[in-house]
Amino acid sequence: MSPDIHNASFKALGIKARYESIRISKENLLEGVRTLTDKGFKGFNVTIPHKVEMVQIVDEIDPLAKKIGAINTVGVENGKLIGYNTDGPGFLKGLQQFYKQDLLKANVLIIGAGGAARAIVMTLVSNGVSRLTVANRTIEKASNLFVNCEQKGQALTINEAEACLEQFDLIINTTPIGMEPNKDKMPILLENAKQKTYVCDIIYNPLQTNLLTKALEKGCHVQNGVPMFVYQAAMSFEYWTGRKPDLEKMTEIVNTRLLQK
Ligand code: ATR
């Protein structure tokens, strides 16, 4: 959906540009990036599996992207590659749009310890969120998430987190559990969640995961992955063009596409 939302935004703002998806194999990343700059691309997004490797390729890196250890956005400025990470900040902006409690006081549980979890943890910590727990199937990976992080958090197994779920104000799923082929599974059972807990899933396809359905049944507030997707795209767009795209239009395009599925 990225080409759709970026190209619609270029058109709406009268910017003569085109966003296209290009496949580059893991073995040919450096060569692939050279081809992009030779062709005159002003920037690009980077997705799995290149986000970590891109850190070694860019000429300059934004401090938060460095802390996260992954790049999802590159700007080409005067022949130099500047790397950014808009995944974490995009998530935070999406959250701030809807979460009306004080995030600095929130007790936050992150489920999963992969790249997305790291981006979110580092961004939350950089913005002053201090009460963080990561629960993961592999507990070592949850502990490792706090390596090189100025704020140490708690690492739990999924079962341990389930047993004390009532203490969390905000629960964020960063695992792929909830989308195909694990659409009917739950990353964590919500039996012990409080009614006023805010449950967030970074998955946007499906728009409502099983986790969010169960959270709604419990009376919790929920948020899907569309705001994160839209904000990370909007931030990339701003880095490339210096212009702000229409977030509502981007959201509408994403929701329409996903509702058609
Ligand atoms: P990312 O894109 O964020 O890097 P990922 O590495 O595919 O995503 O997975 C994110 C997290 O989801 C991982 O922490 C993974 O748990 P492990 O560290 O134990 O591998 C978790 N995850 C993925 N599939 C899972 C499953 N079927 N059950 C439980 N956890 C799962």
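Read the numbers this way: they start at 1 and go in the same order the structure lists the ligands and their atoms.
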Subject >> Test log, rule salt bridge (charged side-chain N to carboxylate O under 4.0 Å, His left out), inputs E191 and K218 >> reply: CA-CA 9 Å; E191 252 84 277; K218 277 202 82 95; over 6 Å; no
Subject >> salt bridge (charged side-chain N to carboxylate O under 4.0 Å, His left out) evaluation trace for R243 with E238 >> reply: CA-CA 5 Å; R243 308 277 301 274; E238 273 191 72; over 6 Å; no
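Tracing side-chain contacts under 4.5 Å through hydrophobic residues (I, L, V, M, F, W, Y), one never reaches L207 starting from L212; they form parts of separate clusters.
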Which pairs of N or O atoms, one from ligand 1 and one from the protein, are separated by less than 3.5 Å, and what is the distance for each pair?
{"unit_1": "ligand 1", "atom_1": "3 (O)", "unit_2": "G115", "atom_2": "N", "d": "3.2"}
{"unit_1": "ligand 1", "atom_1": "3 (O)", "unit_2": "A116", "atom_2": "N", "d": "2.9"}
{"unit_1": "ligand 1", "atom_1": "4 (O)", "unit_2": "G115", "atom_2": "N", "d": "2.7"}
{"unit_1": "ligand 1", "atom_1": "14 (O)", "unit_2": "A113", "atom_2": "N", "d": "2.8"}
{"unit_1": "ligand 1", "atom_1": "14 (O)", "unit_2": "N136", "atom_2": "OD1", "d": "2.8"}
{"unit_1": "ligand 1", "atom_1": "14 (O)", "unit_2": "N136", "atom_2": "ND2", "d": "3.4"}
{"unit_1": "ligand 1", "atom_1": "16 (O)", "unit_2": "N136", "atom_2": "OD1", "d": "3.3"}
{"unit_1": "ligand 1", "atom_1": "18 (O)", "unit_2": "N136", "atom_2": "ND2", "d": "2.8"}
{"unit_1": "ligand 1", "atom_1": "18 (O)", "unit_2": "K141", "atom_2": "NZ", "d": "3.0"}
{"unit_1": "ligand 1", "atom_1": "19 (O)", "unit_2": "R137", "atom_2": "NE", "d": "2.9"}
{"unit_1": "ligand 1", "atom_1": "19 (O)", "unit_2": "T138", "atom_2": "N", "d": "3.2"}
{"unit_1": "ligand 1", "atom_1": "19 (O)", "unit_2": "T138", "atom_2": "OG1", "d": "2.4"}
{"unit_1": "ligand 1", "atom_1": "20 (O)", "unit_2": "R137", "atom_2": "NH2", "d": "2.9"}
{"unit_1": "ligand 1", "atom_1": "28 (N)", "unit_2": "R137", "atom_2": "NH1", "d": "3.3"}

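Environment of CD in Q195: sparse, with no more than 12 heavy atoms of neighbouring residues, nucleotides or ligands closer than 6.0 Å.
The aromatic rings of H6 and F237 lie parallel to each other, with less than 30° between the two planes, well short of the 60° mark.
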Could you pull out all donor-acceptor pairs under 3.5 Å where a side-chain atom in residues 102-110 meets a protein atom, sequence neighbours excluded?
{"unit_1": "D102", "atom_1": "OD1", "unit_2": "L104", "atom_2": "N", "d": "3.0"}
{"unit_1": "N107", "atom_1": "ND2", "unit_2": "Q167", "atom_2": "O", "d": "3.1"}

